[in-house]
Asks: 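Here it is, the structure, as structure tokens.
All values below come from the heavy atoms of this structure, side chains included, with hydrogens, waters and symmetry mates left out.
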Amino acid sequence: GQNVLSPFLRGKSMERVRKILNVALNTVLVLQGFALIFVIVLAVFYRYILGSALSWPEEFAGILFVWYTLLGIVLLVGSDSHIAFDLVEKYAPPIAGVLVKVLSQLIVILYGLIMIVYGWQYQRLFPHETSPAAGINLSWVKISIPVTGALLVVYVTLNIIQQFKPVHPD
């Protein structure tokens with residue numbers, strides 16, 4: 001009895017995919033964090049030291065913050081650090097705990113799929129809309145919704161596969 005996932009489960013593919021995603025997301029989040037700090041310090045400097053406020057930092061920081069928050073959520077879901085039914089998993093019989101965990105993961109996948117479909121549709125509604133002060137194309141912020149949904153689906157799929165991966169002592 002081999003199932004379709006057997007080669008994937010036996011190999012290191014899943015761990016490699018997760019590691020690459022984690023490194024990429026952590027790198028992007030660190031860069032975004034530094035960019036947020038830089039933009040906010042720049043805005044404060046211009047407003048309070050030079051007495052001449054810039055028009056774009058608030059909008060730019062807002063877009064960065066949306067991405068930062070959504071990608072942070074993805075990383076938490078990927079590391080299984082999000083809100084879950086820990087008490088049920090901990091005190092229920094093992095099979096019930098696994099079922100609750102998988103069910104909660106499937107709900108997150110459904111949510112991710114909804115984000116992909118409706119986020120893409122939302123982004124396509126007004127593709128040339130720009131922010132008022134900075135003139136930034138708002139597709140940059142809108143596309144964060146389907147991208148986040150896709151990353152959620154990938155990470156949760158990896159989590160579910162991990163749940164059923166046979167444990168081999170090393």
Asks: Looking at side-chain heavy atoms only, is the closest gap between T130 and L138 below 4.5 Å?
Replies: no

Asks: Identify the heavy atoms of S55 and P57 that sit nearest to each other, and give their distance.
Replies: C-CD, 3.6 Å

Asks: Do the side chains of V147 and I116 get nearer than 4.5 Å, heavy atoms only?
Replies: no

Asks: Using a 4.5 Å cut-off on heavy atoms from C-beta on, say whether the side chain of Y155 contacts that of L25.
Replies: yes

Asks: Could you check whether any side-chain heavy atom of L106 comes within less than 4.5 Å of a side-chain heavy atom of L110, counting everything from C-beta outward?
Replies: no

Asks: Look at the rings of F60 and W56 and say which category their plane angle falls in: under 30° parallel, 30 to 60° tilted, over 60° perpendicular.
Replies: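 Rings of F60 and W56: perpendicular, over 60°.
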
Asks: How close do Q32 and Y68 get, counting heavy atoms only, and between which atoms?
Replies: OE1-CA, 3.4 Å

Asks: For residues I49 and V44, determine if any side-chain heavy atom of one lies less than 4.5 Å from a side-chain heavy atom of the other.
Replies: no

Asks: Between S139 and R124, is any pair of side-chain heavy atoms under 4.5 Å apart?
Replies: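 Of all side-chain heavy-atom pairs linking R124 with S139, none is under 4.5 Å.
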
Asks: Is there a donor-acceptor contact under 3.5 Å from the side chain of R18 to the main chain of S79?
Replies: no

Asks: Do I143 and W120 come within less than 4.5 Å of each other through their side chains, counting heavy atoms only?
Replies: yes

Asks: How far apart are the closest heavy atoms of V39 and A61, and which atoms are they?
Replies: CG1-CB, 4.1 Å

Asks: If you compare all heavy atoms of S144 against all heavy atoms of V66, which two are closest, and at what distance to 0.1 Å?
Replies: OG-CG1, 3.7 Å

Asks: Taking all non-hydrogen atoms of both residues into account, name the closest pair between M115 and G149 and its distance.
Replies: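 Heavy atoms only, the tightest pair is CB-CA, 3.8 Å.
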
Asks: Is any side-chain heavy atom of L152 closer than 4.5 Å to one of I109?
Replies: no

Asks: Using atom types as modelled and distance alone, determine if a side-chain donor or acceptor of N159 lies under 3.5 Å from a backbone N or O of V77.
Replies: yes

Asks: What pair of heavy atoms forms the shortest contact from H128 to N137, and how long is it?
Replies: CA-ND2, 4.4 Å

